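Data first, discussion second: the structure below is written as C-alpha cells.
Just so it is clear, the structure is predicted and the values come from calculations on it, not from any experiment.
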Amino acid sequence: MSGTVKGLIAGIAAIVVLGGGIAALKLTEPKPDTENSGLAETVTQDLTIYSGNSGDVSTIQVENSNGGYTLKRTSVATDTQPAVYTIEGLENVKLNESLVNNMPANASSLTALKIIEENAEDMSKYGLENTDIEVLVEFDGEEAKKVTLLVGNDTPEGNVYVALKNEKNVYSVSSNFISAYAYEKEYFVSTVCVEEPSEDDYPIVASVTVDRKDLEYDIVFEYDPYSDSDDELGGSTATHVMTSPVEAYLNISDSVNYTHGIFGLTASSVLSISPTEDELQVAGVTDPLCTVTTTLEDGSSYVLKIGAEYGEEGDTGYIGYLEGTDILWLFDKSSVPWVNMVPEDAMSSMIFGTYIYDISNLTIVTDEGTRSFVCEGDSADNYLVLLDGKEYDRERYSKFYQALISAPAEQIYLDDDSATKRIAAIIIEKNDGSEKESVEFFEADDREVIIRKNGKVSFKTRASYVNKALLPNIKNIDTDAEFITNW
C-alpha cells in the first residue's frame, strides 16, 4: 500500500507479520556502517570544524533518509526570556522541550576528535560522497553565516566521519553530538500523552471502562463517593469499586494502576503524526485489542485505543492512539496494563463492605433456621444489639462480624445456572435505608462454593471457608467459643 504509517518506513521496522496484521514493530536507531571497518583514525589533532553563537542559530535544516526536519527559531532571546524554537510542521504538537532547546547549542559549533584525511580524493570511502545526512545550520546576528555539515559512515571506533560541504577535509566526531541528525521529526514530540496532575488539582475519576476483544464483558470501575467516609469499610480500601463484570471492592494498592493509569501516561516513542485511516488500520487501532475510556467527574474523558503488538519475543509493546492527540504512539507493556489484566488483578478479596455501626439489621439464613440481629445506634458509645429480640453482647457481635467479613472472593465466577443448592445467606440492611446487601453461598464441585452477591453469581471460594468457619461461627453465636478466622 502506498503511504503506510510514516514511522513504519522511517525508523520503524516490521519484524514479524502474522494473520495479515502487524505482529511486531521496533523503533530502530541508525545502524553502524561497517563497510569501511578497515579505515583507521591515524591523526590525533584536535580541531574545531566550525563555531558560532548558539543564540544566533536561527534554523537547523536536516535532510536524512527518515524524512528529516527543520528546527526554526520563533522568538529571539531577551534579558528575561530564552529563545524559543519549534520543529516545522509540529507547531500544534507538544514537543520535548529539552530535546528542542538543546539543539541550537549542540549545532552552534562542532569540534573533531581527529582529522582523518586532508584534501581527501575519495570521499565515498567515508560515506561522504552521497551522504544520507546533510545538516544546514544558519546563523544570523553580527556574524551571519551558513554552515552545511555532511555526516558519513561510522568509524571503526564507533564515532562518525563528517565533512563540511564542498570541502575535502574528513573528520571524526563523537556520535553523541550528531545522533539527533539521523532521526525523523517525530523524535522531538513529547512522549507524555497525558500530564500528571498536581496533588492539589487531581481530578475525580468518575469511571473507567476497559473494553477488550478477548473478554465477553467490559471491566468497569466507578468512583465510590463513600470511600473516604469513616462510616464505610471502603474508607480503608480504594476510591473506586468494580461494577462489571461483578460488584466488587478493589485492592487499594493494585487498583490505582487501572483506575488512574491514564494520568502521566507516557509512550516509549512516537510512531506517526496525523495518521491516515489506512495507517490507523495498519496500526490496529480501528479495531483495537483494548479500548480504555476514563471519564472524569466534570464529564470530560480520555479514550485510549490499543492496537497491534510490536517488537520481538520477550521485548514487546503496543501501538496506541489517544483520541484528541492525533498521534500513533508506541507503548511499553507496563504503560498500558489494561491490555492483559483480569478483574482479579484489581479486586480486593473482601465481599462485605458495610461498616459495622452502619448496620440496622443482619439476617442469617441456613438450613438450621434464621437468626436476626437488630442493631441501634451509630457508634461504639450508643450501639445496642438484639439477637432474635433479646439483648446480645455488643463486643461478641463485633467479633462475629469481623469473622464474617473475612469471607474471601477468590475468583470471578459468572455461571448463574450452577447456583442451585444454597448453603447460607447473609442479608444486611443499613441505617440510611439504602439498598440491602446480600451474600449467598451455594454448593459447587471441586471443593469450592459459589457466591452470589446482591442477586448475581459473582465469585467462587474454597468450601473450607463455609465448612470450617462460616457455619461453625453461626453455631457459635449462642456460645462462648472463639469465632474462627483461620481455616
Side-chain angles (χ1 to χ4, degrees), residues 90-97 186 189-213 215 217-229 234 237-245 247-252 254-277 279-280 283-307 318-332 334-339 341 343 345-346:
L90 300 181
E91 290 84 0
N92 297 321
V93 176
K94 182 175 175 56
L95 301 179
N96 184 318
E97 294 182 1
E186 287 83 357
V189 177
S190 172
T191 55
V192 178
C193 306
V194 180
E195 295 285 350
E196 180 83 26
S198 65
E199 186 174 346
D200 293 339
D201 294 329
Y202 225 94
I204 291 178
V205 175
S207 66
V208 176
T209 299
V210 181
D211 179 2
R212 290 246 299 276
K213 290 178 68 174
L215 297 179
Y217 50 79
D218 289 347
I219 302 174
V220 180
F221 307 111
E222 294 186 6
Y223 178 65
D224 177 10
Y226 298 104
S227 58
D228 294 326
S229 171
T237 58
T239 57
H240 290 67
V241 294
M242 185 183 296
T243 58
S244 176
E247 294 181 21
Y249 297 100
L250 300 184
N251 183 301
I252 192 169
D254 297 334
S255 63
V256 68
N257 294 327
Y258 310 107
T259 59
H260 293 76
I262 197 69
F263 298 117
L265 178 68
T266 301
S268 59
S269 59
V270 174
L271 178 56
S272 180
I273 298 172
S274 298
T276 66
E277 287 299 320
E279 292 170 349
L280 292 172
V285 298
T286 54
D287 185 22
L289 298 174
C290 176
T291 300
V292 183
T293 303
T294 302
T295 303
L296 306 186
E297 188 180 40
D298 63 7
S300 62
S301 63
Y302 298 95
V303 180
L304 175 65
K305 296 180 178 180
I306 302 166
Y318 293 93
I319 303 175
Y321 182 83
L322 181 66
E323 289 189 358
T325 61
D326 200 26
I327 295 174
L328 280 173
W329 308 89
L330 298 181
F331 291 105
D332 294 333
S334 60
S335 298
V336 287
W338 308 276
V339 179
M341 73 170 296
D345 291 338

Below 30° counts as parallel, above 60° as perpendicular, anything between as tilted: where do the rings of Tyr223 and His240 land?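 Plane angle over 60°, so perpendicular.
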[X] side chain to [Y] main-chain N or O, any donor-acceptor pair under 3.5 Å?
X: Arg212; Y: Ile219; value: no
X: Thr266; Y: Gly264; value: yes
X: Thr259; Y: Ser255; value: yes
X: Asp332; Y: Ser334; value: no

Looking at every heavy atom in both [X] and [Y], which two are closest together, and how far apart are they?
X: Asn257; Y: Trp338; result: O-CZ2, 4.0 Å
X: Tyr318; Y: Val336; result: CD1-CG2, 4.0 Å
X: Val285; Y: Tyr321; result: CG1-CB, 4.0 Å

Heavy atoms from other residues, nucleotides or ligands near [atom1] of [X] exceed 12 (cutoff 6.0 Å):
X: Glu91; atom1: CD; answer: yes
X: Asp298; atom1: CG; answer: yes
X: Glu97; atom1: CD; answer: no

Min side-chain heavy-atom separation [X]-[Y] under 4.5 Å:
X: Pro203; Y: Phe263; answer: yes
X: Leu328; Y: Leu280; answer: yes
X: Asp254; Y: Asp345; answer: no
X: Glu186; Y: Leu271; answer: no
X: Tyr302; Y: Cys193; answer: no
X: Asp326; Y: Pro275; answer: yes
X: Thr294; Y: Val205; answer: yes
X: Trp329; Y: Val270; answer: yes

Test of understanding: with salt bridge (Lys or Arg N to Asp or Glu O under 4.0 Å), list the residues that count as partners of [X], not counting sequence neighbours.
X: Glu195; answer: Lys94
X: Glu199; answer: none
X: Glu297; answer: none

Sequence neighbours excluded, which residues qualify as ring-ring contact (aromatic ring centres under 6.0 Å, His included) partners of Tyr217?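 Once residues adjacent in sequence are excluded, Tyr217 has no partner under the ring-ring contact (aromatic ring centres under 6.0 Å, His included) criterion.
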Could you go through Asn96 and Thr191, starting from their C-alpha distance and side-chain angles, then the distance that decides it, and tell me whether this counts as side chain to side chain contact (heavy atoms under 4.5 Å, CB included)? CA-CA 7 Å; Asn96 184 318; Thr191 55; 5.7 Å; no
Atom pair [atom1]/[atom2] of [X] and [Y] - distance to nearest 0.5 Å:
X: Leu322; Y: Leu304; atom1: CG; atom2: CG; answer: 6.0 Å
X: Glu279; Y: Ile273; atom1: CD; atom2: CD1; answer: 11.5 Å
X: Cys290; Y: Leu215; atom1: SG; atom2: CG; answer: 8.5 Å
X: Tyr202; Y: Leu296; atom1: OH; atom2: CG; answer: 10.5 Å

So Ile319 and Leu330, side chain to side chain contact (heavy atoms under 4.5 Å, CB included) or not? Walk me through it. CA-CA 5 Å; Ile319 303 175; Leu330 298 181; 3.7 Å; yes
Mind checking what makes side-chain hydrogen bond (donor to acceptor under 3.5 Å, both in side chains) contact with Asp201, not counting sequence neighbours?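 Per chain and number, Asp201 pairs via side-chain hydrogen bond (donor to acceptor under 3.5 Å, both in side chains) with Ser198.
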Determine which pairs satisfy side chain to side chain donor-acceptor pair (under 3.5 Å) with at least one residue from residues 283-292, sequence neighbours left out, and list them in order.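 Listed by first then second residue: Lys213-Asp287.
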Side chain to side chain contact (heavy atoms under 4.5 Å, CB included) evaluation trace for His260 with Thr239: CA-CA 10 Å; His260 293 76; Thr239 57; 3.8 Å; yes
Evaluate the criterion side chain to side chain contact (heavy atoms under 4.5 Å, CB included) for residue pair Phe331 and Ile306; output intermediate values, then yes/no. CA-CA 9 Å; Phe331 291 105; Ile306 302 166; 5.7 Å; no
